[in-house]
Amino acid sequence: MTEGAGSVGERSLRKAAALLAQARRVVVFTGAGISAESGVPTFRDALTGLWRSFDARRLATPDAFRDDPALVWGWYEWRRARVGRAHPNAGHVAVAAIEARVPHAVVVTQNVDDLHERAGSVAPIHLHGSLSAPRCSACARPAPLPTEPPLPDGAPDEQGDGRRVAPPRCAHCAGPVRPGVVWFGEALPGAALEAAVEAASACDLLLTVGTSGLVHPAAEIPRVAARFGAPVVQVNPEETPLDAVADVNLRGPAAQVLPALVRAAWDAADPA
Ligand code: BV8
Ligand code: ZN
């Protein structure tokens, strides 16, 4: 049974706050929605401007990189530049506050940005890799991040469309360097997935924030927690397939709802 349809109701917030205040082992599971208020477009919205004619799910694949490495590398460098100009928002900061308060807190993110780290989260588990960890597509050796900024939005390049940036070459084998993210059709990093499933199966609360719950196997994480009997609280302005496992739905944007949730959970406990 889920509550909290419509705007974030007082009752739902109080119920979620009580669960958070008594939690000893919390998992915070995040998707692109938590970075939306930092101006980092969600995966679905990432194809605006120069990229509007592309389908992210076709671009975020090994085949796309093989067929047109400069186009795919250009897209990721454009996104990395966007993240570099962004700042963690109050939602990321609230997640770090939860980690500081709950004895065992694990952040599991599908995001490839570093906003959780920049907000103070200690060691988020990145299920889909990271924009800041490029590697050689041939020998898999880690490669340095390019120092020069990629083409500014829309600057003409050899094809004149400002999208293509030739990927750097591996210093060891001269193979093309690829983004350190997990593409569709690629396996998630085994250790990260194992740690996430382990944390979800042992938690006493799972907070899922800003994810559509459509991408697998990451989307299983809240379901694992529910299967092991933990309550699930969802923070998302929209309905998602995770409504089916959420005990409480806080329908609103993360940068507003998460700080309110942290205040309701702990300010009452220790008024200033
Ligand atoms: C694999 C990195 C096998 C790249 C990403 C089972 C069922 C169905 C399909 C599959 C399945 N198992 C596997 C598949 C295939 C596929 C898949 O899931 N397809 C789906 C789309 C149908 N999965 C895979 O291919 C995975 N690999 O299974 O490999 C295998 C095994 C062994 C050996 C070889 C192979 C790999 C999937 C990883 C893909 N990489 N990211 C990159 O970033 O470029 S996924 C990418 O899309 C993001 O990481 C994100 O997780 C996902 C969705 O993007 P978004 O929609 O932007 O984000 P999100 O879902 O988080 O939604 C945004 C939400 O935020 C919305 O709900 C919105 O309402 C909300 N929101 C908006 N504003 C706010 C907000 N919330 C709060 N506050 C706000 N302000
Ligand atoms: Zn190499």
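Indexing begins at 1, ligand by ligand and atom by atom, following the structure's order. These figures come from a predicted structure and were not determined experimentally.
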For [X], take its heavy atoms, then give the atoms of ligand 1 lying under 4.0 Å from any of them.
X: T42; value: 57 (O)
X: E238; value: 69 (O)
X: A36; value: 73 (N)
X: P237; value: 71 (N), 74 (C), 75 (C), 76 (N), 77 (C)

Of G252, A56, A32, which has the heavy atom at the shortest distance from atom 61 (O) of ligand 1? A32

If you measure from atom 33 (C) of ligand 1 to every heavy atom of S130, A187, G213, which option wins on shortest distance?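 The option holding the nearest heavy atom is A187.
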
Less than 4.0 angstrom from a charged side-chain N to a carboxylate O is my criterion; do R58 and D67 meet it? no

Is the distance from the Zn ion (ligand 2) to some N, O or S atom of H172 under 2.8 Å? no

Select one of side chain, backbone, both or neither to describe which atoms of E37 lie under 4.0 Å from any atom of ligand 1, heavy atoms only. side chain

Considering only heavy atoms, does R79 approach ligand 1 within less than 4.0 Å through its side chain, its backbone, both, or neither? side chain

Hey, quick one: are V112 and V215 part of the same hydrophobic cluster, counting side-chain heavy atoms closer than 4.5 Å, chains of contacts allowed? yes

Answer yes or no for A218: is there a heavy-atom contact with ligand 1 below 4.0 Å?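 In this structure, A218 fails to qualify as a contact of ligand 1 - no heavy atom is under 4.0 Å.
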
Does ligand 1 have an atom that lies less than 4.0 angstrom from a heavy atom of I34?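 So I34 does not count as touching ligand 1.
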
If only side-chain N and O atoms count, and only distance matters, is there a donor-acceptor pair under 3.5 Å linking S132 with D114? no

Relative to each other, are the rings of F65 and W183 parallel, tilted or perpendicular (30° and 60° limits)? tilted

